[in-house]
Amino acid sequence: MSEKDLGSSNGQDISSLGFDSDGILRLEWTRGVVIDAPSAQLAMDRVNEMCGGRPTPLLIDMATTESVSRAARAVFAKRCDASAIALLGSSAVDRVLANFFLGVNAAPVPTRFFTDDEEAVRWLASQGHDGA
Amino acid sequence: MTAPDDERRLEELVDGIVVLSSGDLSNRLQVSPARDGIDAVTTGINLLADELQSMYEELEVRVAQRTALLEAAKAELRRVINTDELTGLASRSLLQEKVAEAVAGAHGGRQPALILLDLDSFQLINDSLGHAAGDTVLREAALRLSAAGPGHLIARLSGDEFAVLVVDQEPDAVLETAARLGESLKDRIDAGGIAVALTAGTGVRLGEPGLRGEELIRDADIAMHEAKKRGRDTLRVFSGAMHEAAKQRVHLVAELRTALAANELELEYQPIIDLRTGKIAGAEALIRWQHPDLGLLAPATFLDAADEAGLTGEIGHWVLRNAIAQTGRWKANPGIPADFRTHINLSPADLHHVDLAPFIESLLVGHGVEPSHISIEITETAIMRGGPEVAATMQSLNDLGVRIEIDDFGTGYSSISYLRALPAAQAKIDKSLLDGLTTDRQQEEFVAAILQLIHSAGLGAVAEGIEDREQADRLRQLDCEFGQGYFFSRPLSVADMTELLAGRDAA
C-alpha cells in the first residue's frame, strides 16, 4: 500500500489516504473522529486530488467514527471522482452510521457498507471501473 | 461490561429519549467506546434527532420566507385595492374605510365632512378628444385637487368623480376647502394639444354626531347631484330637504318603472298654427303621466327621475311609437292637412342610439305615415353637447325625410356658423324671448334679429308660448311662420285633438 502521510494540520481527521496494490484508493479516518462539513469537504478534495479526474474505486475505513454531522453527509452526497464507494466498519455503531448515510442521502455512485475488508474489495472490483 | 452497567446505560438512553420527545431536539446522547448494540441504538437516535432538528429549522426558515412573501403580496394587494390606478389617489374602498374611521374617531368633537366633486361635461372631453386625453385631464385634476386639499384624503370614486374627506375642521373651513378645490380645476389643462377648462359640480356633507359613514357618503352624493342639476360650476351643501327630495325621487323612479308597464303614460297634443294662414300646421306631442295618486303629472316632474332610472331611452321609444301610431290613425280618420306635422321631442340619450333612424323608419312604414308628417325636436343644448354620434343620427333622420327642429333656440350657445351646417329645417324660439315682445321695443328688435338669423340660415321659425293675439300678430309681422301657445290652444287630449282635426274645415 503506497500510503501518503497526511500529517498536516488541515488533514488531522484523516489518518491515511493512498492507493493499494489493487488500485483502490483507501481513506482511513482517525480514531474517534467527529466528521463535520469542513472535514468532509477536505477529505473529498484530497480524494479528488488523488484521483486526478479518473473514476476510482474508493474504500473508506470508518471504524470508530464518533459521529457524522448532517452537513457532512450533504457533502458526501455530492459527486466526486470515486466510481464506487465501500464503507468499511466493524461495530454496530458503524453500521448504523453508514446505513443512515445510505438511507437518508442518495449517494451519487454505488455505495455499500461492509464489515469485511476482502468482501469490500471484491465488491469494488466488480463495479466495473477503470483500474488504476 | 457487566449487565448492571448495561442497565444503567439503557436507563440513560431512555432518559435521553424522554428529553428529545419533550421537544428539545438539540439534546444528544453519549456514545460509549464499546460501540455495541446500545451504542448503535444511541447513535441512530442521535442521527434521527439531528435529522429532525435540521428539518424543523429548515421548515421554520421556509415558513418565515413564505410568510414574508405572503405579507408582501397582501401589502401589494392592499395597495392595489386602496389606490386608484389612473391617478394614484385613494380608491373608493379606502375612502369608505377612512370615512368610517373618521366618524368613529370623532366622538362628540368636530365631525368629519365629505366633499364630492363631479367634473362637468367630462364625457364630452372623452368623446371628442379621446380617452387618452380624458385620462390626462383626470390625472391633472387629481394633482390639482391634491395641491388644493393638502393633508386631506382625496379619492377618485369613479370616472370623473372625486371625494375629499375633511377631518377636524369647522364648517366654514370645510366650505372654504370645497370652494378652493373647485377653483383649482379652472386653470386650463392641456389635453392632447387642446386647452380644456374644467368646472365641477360640488356636493358637501358636513358631519353631525351620530351620522354613519355610509350616510355621510350618501348625503354628499345627493348634494353633488343637486349641484349638477343646477348647472355647471355649482356647489351645494346637503340639507335634510334634499334627502326628502331624493327619497321621493327614488320612490318616483320605482313607480315610473311600473307606470310604463301599466300604461299610465299618455300623450297630449298642442296644436301648432301657421301664423300666415291661421290654419293648423301640426301638433307637438307632450308626454304626461296619469299618476294613480298624484293625478296628471307634467314631464318636468318625472323626466329627471326617468333619466336616473335609465328609462329615458325606453320612454323615448314609447313616445315615438305612440305619436307615430296616432298620426297614422289621424291620417286615416278624420284626415290631416298635407303639411301637417306631428312634433316629437327627443332627449340627448335618444340621439345617442345609432339605431334611432331605422327604428323611426319601421314605425313610419308600420303605421303608413310619410316621413314628412313627422318633425323631431331636439334641444339646442343636446345638439351642441351631442358630439359626432348625435350629428350622425341627425343626418340619418334628415336623409329619411323626417324634419328636424332645433328646440329652445336662443337658450343655449349655438355658434351661428354651426346653425347653418345643421341638417335642421326649423328652429323653435323659446317662450322666454316673447316676454316684453309687445311692450319693449328693444325686445322686439332682438326677436326680429333672431328670426332673421334663423331665416338667413335657411330655417323656418316656430314661436312657442304665445299667450295673446298681440304677440301672435307681432310675430306674424316679423315673418315668424309658425306659433303655438295657450292663445291658440292648450295641449289637448287625443279625443279633443281628433275633434279639432275633424272640424278644421268648418272652423
Side-chain angles (χ1 to χ4, degrees), chain A residues 13 15 27-41 43 59-78 85-108 111-117 120, chain B residues 1-70:
Chain A
D13 295 334
S15 75
L27 183 150
E28 197 176 325
W29 290 102
T30 311
R31 308 270 112 181
V33 69
V34 174
I35 305 174
D36 55 12
S39 56
Q41 188 59 55
L59 189 148
I60 300 174
D61 187 346
M62 55 170 290
T64 77
T65 298
E66 176 75 27
S67 69
V68 183
S69 76
R70 198 169 186 272
R73 291 203 306 271
V75 172
F76 288 137
K78 291 189 294 187
I85 302 171
L87 297 168
L88 186 63
S90 53
S91 68
V93 173
D94 299 337
R95 192 170 145 234
V96 168
L97 280 172
N99 282 291
F100 207 89
F101 168 72
L102 293 175
V104 174
N105 299 69
T111 306
R112 270 182 71 175
F113 175 74
F114 297 93
T115 49
D116 181 77
D117 191 308
Chain B
M1 243 175 259
T2 60
D5 194 35
D6 282 355
E7 220 160 277
R8 181 189 54 77
R9 290 172 63 210
L10 274 172
E11 261 174 46
E12 281 174 4
L13 180 59
V14 170
D15 288 345
I17 291 171
V18 167
V19 173
L20 285 172
S21 60
S22 74
D24 181 8
L25 292 175
S26 65
N27 189 45
R28 295 290 174 272
L29 315 178
Q30 199 60 49
V31 180
S32 82
R35 298 178 82 81
D36 58 7
I38 293 177
D39 288 318
V41 172
T42 306
T43 301
I45 287 169
N46 279 342
L47 286 165
L48 284 172
D50 199 21
E51 204 62 29
L52 257 182
Q53 191 182 10
S54 301
M55 278 163 63
Y56 277 176
E57 283 167 3
E58 276 173 20
L59 209 62
E60 273 168 25
V61 169
R62 214 172 298 172
V63 166
Q65 284 170 342
R66 292 291 155 92
T67 307
L69 282 176
L70 207 63

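Note that this is a predicted model, so its numbers are computed, not measured.
Minimum interatomic distance between B:Asp36 and A:Ala92 (heavy atoms only, all atoms of both residues): O-CB, 4.1 Å. Residues B:Leu47 and A:Val68 come closest through the heavy atom pair CD2-O, 3.8 Å.
In this structure, the salt bridge (Lys or Arg N to Asp or Glu O under 4.0 Å) partners of B:Asp50, at least two apart in sequence or on a different chain, are B:Arg28.
Atoms CG and OG, on B:Asp39 and A:Ser91 in that order, are 8.0 Å from each other to the nearest 0.5 Å. To the nearest 0.5 angstrom, B:Thr43 atom OG1 is 8.0 Å from A:Glu66 atom CD. Distance check: B:Glu57 CD to A:Arg70 CZ gives 9.0 Å after rounding to the nearest 0.5 Å.
Heavy atoms closer than 4.5 Å to chain A are found in both the backbone and the side chain of B:Glu51. Interface residue A:Asp94: backbone and side-chain heavy atoms are both found under 4.5 Å from chain B. Neither the backbone nor the side chain of B:Ile38 comes within less than 4.5 Å of any heavy atom in chain A.
Heavy-atom neighbours of A:Arg73 CZ from other residues, nucleotides or ligands within 6.0 Å: above the threshold of 12.
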